Amino acid sequence: MLAFMIAVATSFSVKLVGDLPVAEALLIPLFPIFIVVAGRRALRPRLKVVLLLMGLWLFGQALTDIYRGTATIDWMRGNASILFFAMDVVCIAALLERNDRRKIIFIAGLAIGTYLVTRFHPSSAAIEEPWKFGYAYGSIVLVVLISCHFYRRRRYMMVRLLFGFIVFVNLIENYRSPMLNLLVAFVLVVPIIPERVGQQRLLPRTGSAMHVVVLVGMALGAGLAASSLVKVVTSSGLLSEEARQKNLDQANAGGLLLGGRPEIKVSIRAVGDSPILGHGSWPKEHKYVMMMWEIQAAQGMRSDVRVAEADIGGNIPSHSHLMGAWVWAGVLGAVFWFYIIWLVIKGLMSVSILRPPLAPIYAYLMVEFFWIVLFSPFGSSERIGEALVIVIITDLLDSAPQVIKLRHPSRLGGWKRQPFQNRGGMRIPQPKQAS
């Protein structure tokens, strides 16, 4: 019940200096109780490293704010976001660690919370685009979670149909990034090509190094397929005129990825100007706003600099967890997110080899996390969901610590595999010889 309440409350927020999720307001008084009752769960070796690097990130942010003379309200908000993130990781680990049942309840609660807030307290963005900024996340998560029921029973055709359905909906709604993430997660955990037909082997055996190489290739192929699907739908007339024109503009501006994210180019320049110490919490430097406006104007995307400045509140644009932390806190902020990226890669390798019963939802959440670390800003509404993914990854890696160690490092032999240790009470069927 507590897991469900916290998850649902994540989508709602209250004003406390900045926006504070109601879930975090609930966790503040519960934090010392979690430490006393289940502190060891939150202080496992991998989570200790995460918390240590988060402490270094906080140190870099505080040092930068002192050096830059950041306004009090801004440094309070900037430092508080890191402290609350650390609290979220500790509490979610204490609550959900190695318990699949609670994780299912928590994930479902996150999805239901987004439905409720969109229905009763929609943001201005959700009113304008109800699917992208409202119902998409909850719908995707619930569909993928339902697919785990069939995945566990090896009814892969139903899994394929559910993934195909939700990919199609996002394609028609022109919500491109989750469509890409769904396709990548799908090819990593759902059998597509059998390993062998009769005595003829088509793919390297499951768990081998070459098998992982093949999976990486299939993930890249899924990315190309997603891009091709967007181009086909854009030219077919299935999208609205506004969505079609948006895709065309971004494609002409440097591709559907970078064309829609000029902030990346600006944040790289800001990091180059101050790579060790950052620019401070909520840094407002007009030259970087002008730089983004010039990029957009050259691409024909916007002509009024005041509109560009209003969209980002005058702050240095970054639109990335990694680049945002580097711009704000300096190199110590970047170190933390580079480590998280490495953890996500290891987690995806683990889930693609072990294929536990919840592999579809785990893979999707990890792929989505990888995407938003690179291409989405860090915010209060994301902290608890991201803490959940960190706990999922550390659970997977702790359950099979040898899953990514080679037996013979000098050649591409088999990966050393150990049985997946599930402590959540689920029966784990043996996977088919397929990939």
Side-chain angles (χ1 to χ4, degrees), residues 1-28 30 81 84 88 91-92 95-96 101-149 161-182 185 238-240 242-243 246 311 313 358 360-361 364-365 367-369 371-372 376-389:
M1 182 62 71
L2 182 60
F4 183 76
M5 289 172 56
I6 291 173
V8 171
T10 299
S11 296
F12 298 86
S13 62
V14 293
K15 285 287 185 181
L16 184 65
V17 181
D19 289 332
L20 179 70
V22 173
E24 290 184 339
L26 295 174
L27 288 176
I28 292 173
L30 291 173
S81 65
F84 277 112
D88 295 340
C91 291
I92 298 304
L95 185 63
L96 306 181
R101 184 186 179 194
R102 287 186 191 170
K103 287 173 186 169
I104 292 172
I105 293 171
F106 196 89
I107 292 168
L110 288 174
I112 292 170
T114 62
Y115 276 119
L116 293 176
V117 76
T118 303
R119 174 65 181 83
F120 297 107
H121 296 285
S123 64
S124 57
I127 293 173
E128 185 177 346
E129 295 186 67
W131 177 257
K132 180 177 181 179
F133 296 106
Y135 297 109
Y137 176 82
S139 300
I140 293 169
V141 166
L142 288 177
V143 168
V144 178
L145 197 57
I146 291 170
S147 78
C148 294
H149 171 78
L161 289 174
L162 287 168
F163 266 83
F165 165 74
I166 199 63
V167 165
F168 178 76
V169 172
N170 281 281
L171 184 62
I172 296 302
E173 292 289 340
N174 201 40
Y175 196 9
R176 300 177 307 231
S177 59
M179 182 192 67
L180 168 63
N181 296 338
L182 283 163
L238 293 175
L239 302 179
S240 66
E242 180 182 358
K246 175 183 176 181
D311 282 353
L358 296 177
I361 190 65
Y364 174 72
L365 291 176
V367 173
E368 181 194 40
F369 191 26
W371 176 270
I372 64 179
S376 292
F378 182 67
S380 60
S381 60
E382 288 84 18
R383 288 193 293 254
I384 288 182
E386 293 173 7
L388 167 67
V389 181

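FYI, side chains are in, hydrogens and waters are out, and symmetry mates aren't considered; it's all heavy atoms of this structure. Bear in mind that the values here come from a model prediction, so they are computed numbers and not experimental data.
Screening residues 2-12 for side chain to side chain donor-acceptor pair (under 3.5 Å) gives no qualifying pairs among residues at least two apart or on separate chains. Evaluation of the side chain to side chain donor-acceptor pair (under 3.5 Å) test over residues 103-126, restricted to residues two or more places apart or in two chains, returns Lys103-Asp395, Tyr115-Ser139.
Going from atom CZ of Phe165 over to atom CG of Leu182 covers 11.5 Å, rounded to the nearest 0.5 Å. A distance of 5.5 Å separates CD1 of Ile6 from CG of Leu95, quoted to the nearest 0.5 Å. Rounded to the nearest 0.5 Å, atoms CD (Glu382) and CD (Glu368) are 9.5 Å apart. Within the model, atoms CD1 of Ile107 and CG of Leu142 stand 10.5 Å from one another, a figure rounded to the nearest 0.5 Å. Distance check, rounded to the nearest 0.5 Å: CH2 of Trp371 to CG of Leu180 gives 5.5 Å. Here CG of Asn181 is found 9.0 Å from OH of Tyr175. Values are rounded to the nearest 0.5 Å.
Of all heavy-atom pairs spanning Ala7 and Phe106, the tightest one is CB-O, 3.2 Å. Heavy atoms only, all atoms of each residue included: Ala111 and Val141 are closest at CB-CG1, 4.1 Å. Taking each heavy atom of Gly385 and Leu110 in turn, the nearest pair found is CA-CD1, 4.4 Å.
Residues satisfying the side-chain contact (heavy atoms from CB on, under 4.5 Å) test with Ala387, not counting sequence neighbours, are Phe85, Asp88, Val89, Ile92. For Glu386, the side chain to side chain donor-acceptor pair (under 3.5 Å) test picks out His321, with sequence neighbours left out. The salt bridge (Lys or Arg N to Asp or Glu O under 4.0 Å) test applied to Glu24 returns Arg383, not counting sequence neighbours. Residues meeting the ring pair (Phe, Tyr, Trp, His ring centres under 6.0 Å) test with Phe163, sequence neighbours left out: Phe186. Checked against side-chain contact (heavy atoms from CB on, under 4.5 Å), Phe4 has the following partners two or more places apart in sequence or in another chain: Val8, Ile105, Ile112. Phe133 is linked by a side-chain contact (heavy atoms from CB on, under 4.5 Å) to Ala125, Ala126, Glu129, counting only residues two or more places apart in sequence or in another chain. Remark: Ile146 pairs with Phe150, Leu162 by the side-chain contact (heavy atoms from CB on, under 4.5 Å) rule, at least two apart or across chains.
Side-chain N/O atoms of Trp131 and Asn174 include no donor and acceptor closer than 3.5 Å.
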Under the criterion side-chain contact (heavy atoms from CB on, under 4.5 Å), I'd like the reasoning laid out for Phe12 against Leu116: C-alpha separation, chi angles, the key distance, then a yes or no. CA-CA 9 Å; Phe12 298 86; Leu116 293 176; 3.8 Å; yes
